[in-house]
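Right, one structure below, let's go through it.
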Amino acid sequence: MPELPTQYAPADVETRSYERWVSAGHFTADPGSHGAPFSVVLPPPNVTGSLHIGHALDHSIQDALTRRARMRGLATLWLPGTDHAGIATQNVVERELAKEGLSRHDLGREAFVERVWQWKEESGGRILGQMKKLGDGVDWSRERFTMDPGLSRAVQTIFKRLFDDGLIYRAERIINWCPRCLTALSDIEVEHSEDEGELVSIRYGEGDASIVVATTRAETMLGDVAVAVHPGDERYRHLIGTKVELPLTGRMIPIVGDEHVDPAFGTGAVKVTPAHDPNDFEIARRHSLPSLTVMNERGVITAHGPFEGLDRFEARPAVVAALRADGRIVAEKRPYLHSVGHCSRCKTVVEPRLSLQWFVDVSPLAKAAGDAVRDGRTRIHPPELAKRYFDWVDDMHDWCISRQLWWGHRIPVWYGPEGEVVCVGPDEEPPAGYAQDPDVLDTWFSSGLWPFSTLGWPEQTPELAKFYPTSVLVTGYDILFFWVARMMMFGLYAMDGQPPFRVVALHGMVRDQYGKKMSKSFGNVVDPLDWIERYGADATRFTLLRGANPGSDVAISEEWAAGSRNFCNKIWNATRFALLNGATVAAPLPDADSLTAADRWILSRLATVTRAVDAAYEEFEFAKVSDLLYHFAWDEVCDWYVELAKVQIASGHDETKIVLGHVFDALLRLLHPLTPFVTEELWRALTGGESIMVAPWPGADTNRSDTAAEAEIAAVQNLVTEVRRFRSDQGLKPGQRVAARLSLAGTSLASHETAIRSLLRLDEPAETFSPTARLTVASVVVELDTAGAIDVAAERKRLEKDLAAARKEAAQTQAKLGNEQFMAKAPDDVVAKVRGRQAQATADIGRLEAQLSALPTG
RNA sequence: GGGCGCUUAGCUCAGCGGUAGAGCACUCGCCUUACAAGCGAGGGGUCACUGGUUCGAACCCAGUAGCGCCCA
């Protein structure tokens, strides 16, 4: 047996264990296994990314679930991988090129894509290595990347299928455009924030025929083609059908009546800029108005005139100034707080832009995605969050999937010389002379296939047959509609109505110790790798899991990480104690009748805790799992059982060594999914086994439930705690031995005298024993020779405090028992309980009063 | 503007009809032979507010206030 140091040193253990697990193939799934399947796909991190604390939480949960599933004998798969992150990755490589003074256009498409692949091979997926430090038990043999050949084939297959079903179409629409990334974005890639801008009211036309409109984007007036008012608006009804002059341009534009204009908002009149605003685009469509594009893809004004060539943000004040000079400005509000969309990748202000793009008609797909949750084929956990999901899928806009990028899956559509459009499937050849669409697909299009493309779809692989639908998807509630809804749509569509997961288990965001969001600018970001280095991977994981209640945010701090490290160290030393004291796991557990009450008590508690842990896992209550095991391990096993076991072992009760071994074996296995490294190291030392990973998950042995033993040990704990309190109040040093006489005969505590004396450092009374203090706990009288004067004041204070509490309790219970309504309506067990409390309080009052009056006066 | 959630000890959170809990922080005493990353003892809360239901409310209902998140 190796000597264990007195402190747990995580760094020594972690790398060694992880490598052993991988080389032993413990993480490798076997689709041929007879066990019931348990499968999880890792939400693929961005290939450019590195491990942040949110990943650490997400992964800790998945690792806990899959480690436990393996121990339970299930055929377990946890599949890792990364996504190609179109915009982000292209940006990274473009920045590299910029350092060389090059743009992607200098290289050309083919060379650029080659360069991105090169970057990916050399620098991408750093996070995968970092996951190993956290202990993620993923099946590395099945690692996937969204641009792998197989996954690309899946993309092309589903595109073709959707296209043929008429669910993919190309249309000219207003889309979100990033003038920096030079690509379309989907709605969910736009982040809205309340920003300071301006609201300018502009008078169009002259005299009675004039009308005032307000805008936050004055420069877009150059592209106005109409003014719209509500048809029922008395103020403007007479103007509908007339024309006004658009300032600065001299163009005459019509005033139209449109039901969608809100007469109560602003002046009740809105300018209509169809090429640069989605609502205006709709108005224009209803009134057959033309679209006038006045800005290019970089946000530069292209309208002929003095503003041509100005950036949109330069053009805005210039246009306002010109309007002011022309006497057109009626009102200006500045700053004006309003919602502004930003590119989620580069934070540039998004510009609505009219362009020809590819879309998915989501209506049938989104309905199916909603129905799968409504009818319970997929369960969202916690259920409160299902409403958010429904709100999203039941009102989803068509999804813009084309991106004007080079890095990604190129749209498999080819155009013929006469404008023919052909969608090309995986094994098909485009007709000669046709040219492929230059755009690529949204990254979410391929990550939406993740739960089945990674298992080999569209091929009918053993993996797909065994592991789809996956058991649970673990992710943050923030991407419930981003990504979960997309996987649901595609999974149901591709897999004949089988949803991609049985359960979606949502967790929250990781926050700092004050519940504040972590942000670089605020400086409160925790780097999980830093914690792993300083506190260990287990402590990092345990800190996160201990705060993880379903769907709610997790607050963490340095102190808590230290606390978790301390817990790991506690387990370490407790197991060391067991080892040093001959704990054995080889022998069968003795029958109850050859065990002490302490042995039977801890086995009873183990059964209860094991069952509670299982129940908590079913509800993804990781905080509860962690808390249960923390308190069982520390407060019961370490603080009491180990102390009692010392006495029993010293007295030659060898069965205790078996119980000790049994309890630690089970405890380590229960803890393993949460803290894999320290438990592996200890379990190997304790049992000599190969790996705790392949040890069975402990069953709750309810045959060992023993309420009598629990009551007996509770009485011991009560007595010991009371006497310790007395000792503490009297200023007796913990180590100081005191002679005492205990009246245990005839009580259930009689057999525990040795243990009680040991825990309390009480010596047997000598011939000359002369007690200086006397206290009673329940029915036990303890007389002590404190070898000095008793601190009467301290003792009186103590007793008076207890007496006050007992009197209060007596009064409260008496009030209840004297209440006829209560006696008539409260259930019997509640009444009995109150009676019990009443009796206890009355007895305590008598005892305490007696002790008080026995105190020497003065 | 619409929707959802939260408000319990100094901080972060459990508890969700029958004696207010945990971790950390705090106070006091201890190197007691597994562990000072520790041991023992202790202090600390009109459970946001106002009404209602109930024998009984932190918990259920209604309203108020404050905070947060999502969507528009």
Any chance the side chains of [X] and [Y] put a donor and an acceptor closer than 3.5 Å?
| X | Y | result |
| --- | --- | --- |
| A:T786 | A:Q730 | no |
| A:Y535 | A:N566 | no |
| A:H653 | A:T656 | yes |

[atom1] spacing across the pair [N] / [M], given as an integer number of angstrom:
| N | M | atom1 | value |
| --- | --- | --- | --- |
| B:U7 | B:G15 | P | 10 Å |
| B:A36 | B:C31 | C1' | 7 Å |
| B:G66 | B:A48 | C1' | 8 Å |
| B:G40 | B:C24 | P | 12 Å |
| B:C60 | B:G44 | C1' | 30 Å |
| B:C61 | B:C6 | P | 11 Å |
| B:G23 | B:C59 | P | 25 Å |
| B:C47 | B:U32 | P | 43 Å |

Using whole Å, report how far [atom1] of [X] lies from [atom2] of [N].
| X | N | atom1 | atom2 | result |
| --- | --- | --- | --- | --- |
| A:K387 | B:C71 | NZ | P | 14 Å |
| A:Y514 | B:C24 | OH | P | 17 Å |
| A:D553 | B:G5 | CG | C1' | 11 Å |
| A:R837 | B:A20 | CZ | C1' | 12 Å |
| A:I556 | B:C11 | CD1 | C1' | 15 Å |
| A:D791 | B:G42 | CG | P | 16 Å |
| A:E559 | B:C13 | CD | P | 15 Å |
| A:L628 | B:C13 | CG | P | 20 Å |

Would you mind classifying the nucleic acid contact of [X] as base, sugar-phosphate or nothing, using non-hydrogen atoms under 4.0 angstrom?
| X | result |
| --- | --- |
| A:E384 | nothing |
| A:V642 | base |
| A:Q513 | sugar-phosphate |
| A:A574 | base |
| A:R727 | nothing |
| A:K624 | nothing |
| A:E643 | base |

Starting the side chain at C-beta, find the nucleotide from [options] nearest to [X].
| X | options | answer |
| --- | --- | --- |
| A:R565 | B:A22, B:C4, B:A37 | B:A37 |
| A:R388 | B:C55, B:C70, B:A34 | B:C70 |
| A:S552 | B:C13, B:A34, B:A14 | B:A14 |

State whether the number of non-hydrogen atoms from other residues, nucleotides or ligands found under 6.0 Å of [X] atom [atom1] is greater than 12.
| X | atom1 | value |
| --- | --- | --- |
| A:E533 | CD | no |
| A:R835 | CZ | no |
| A:D828 | CG | no |
| A:R725 | CZ | yes |

Going by purine N1 to pyrimidine N3 plus the second Watson-Crick contact, or the G-U wobble pair, all under 3.5 Å, which nucleotide sits opposite [N]?
| N | answer |
| --- | --- |
| B:C67 | B:G5 |
| B:C39 | B:G29 |
| B:C11 | B:G23 |
| B:G17 | none |
| B:C60 | B:G52 |

What are the two closest heavy atoms between [X] and [Y], and how far apart are they?
| X | Y | result |
| --- | --- | --- |
| A:P528 | A:V526 | CD-O, 3.4 Å |
| A:L670 | A:L606 | CD1-CD1, 4.1 Å |
| A:Q648 | A:A598 | OE1-CB, 3.4 Å |

Original post:
Would you say A:N549 reaches B:A14's phosphate, i.e. side-chain N/O to OP1/OP2 under 4.0 Å?
Top reply: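 Answer is yes, contact under 4.0 Å.
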
Subject >> Aromatic ring pairing A:Y8/A:W572, orientation class (parallel under 30°, perpendicular over 60°, tilted between) >> reply: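 Ring orientation, 0 to 90° scale: tilted.
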
Original post:
How are the rings of A:W634 and A:F567 set to each other: parallel, tilted or perpendicular (split at 30° and 60°)?
Top reply: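 Answer is parallel, since the angle falls under 30°.
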
Subject >> Residue met sooner reading RNA chain B from 5', once A:Y630 and A:A578 are mapped to nucleotides >> reply: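 Between the two, 5'-proximity favours A:Y630.
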
Original post:
On RNA chain B, nearest-nucleotide positions of A:K733 versus A:N573: which is more 5'?
Top reply: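 It is A:K733, whose closest nucleotide lies nearer the 5' terminus.
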
**OP:** Can you sort out which residues in residues 822-833 of chain A have a heavy atom within less than 4.0 Å of RNA chain B? Ascending by number, please.
**Re:**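 By residue number: A:F822, A:K825, A:A826, A:P827, A:V830.
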
Identify each atom pair where a protein N or O and an N or O of nucleotides 38-41 of chain B are less than 3.5 Å apart, giving names and distance.
{"unit_1": "B:G38", "atom_1": "OP1", "unit_2": "A:N566", "atom_2": "ND2", "d": "3.0"}
{"unit_1": "B:G38", "atom_1": "O3'", "unit_2": "A:K570", "atom_2": "NZ", "d": "3.1"}
{"unit_1": "B:C39", "atom_1": "OP1", "unit_2": "A:K570", "atom_2": "NZ", "d": "2.5"}
{"unit_1": "B:C39", "atom_1": "OP1", "unit_2": "A:W634", "atom_2": "NE1", "d": "2.8"}
{"unit_1": "B:A41", "atom_1": "O2'", "unit_2": "A:S728", "atom_2": "OG", "d": "3.4"}

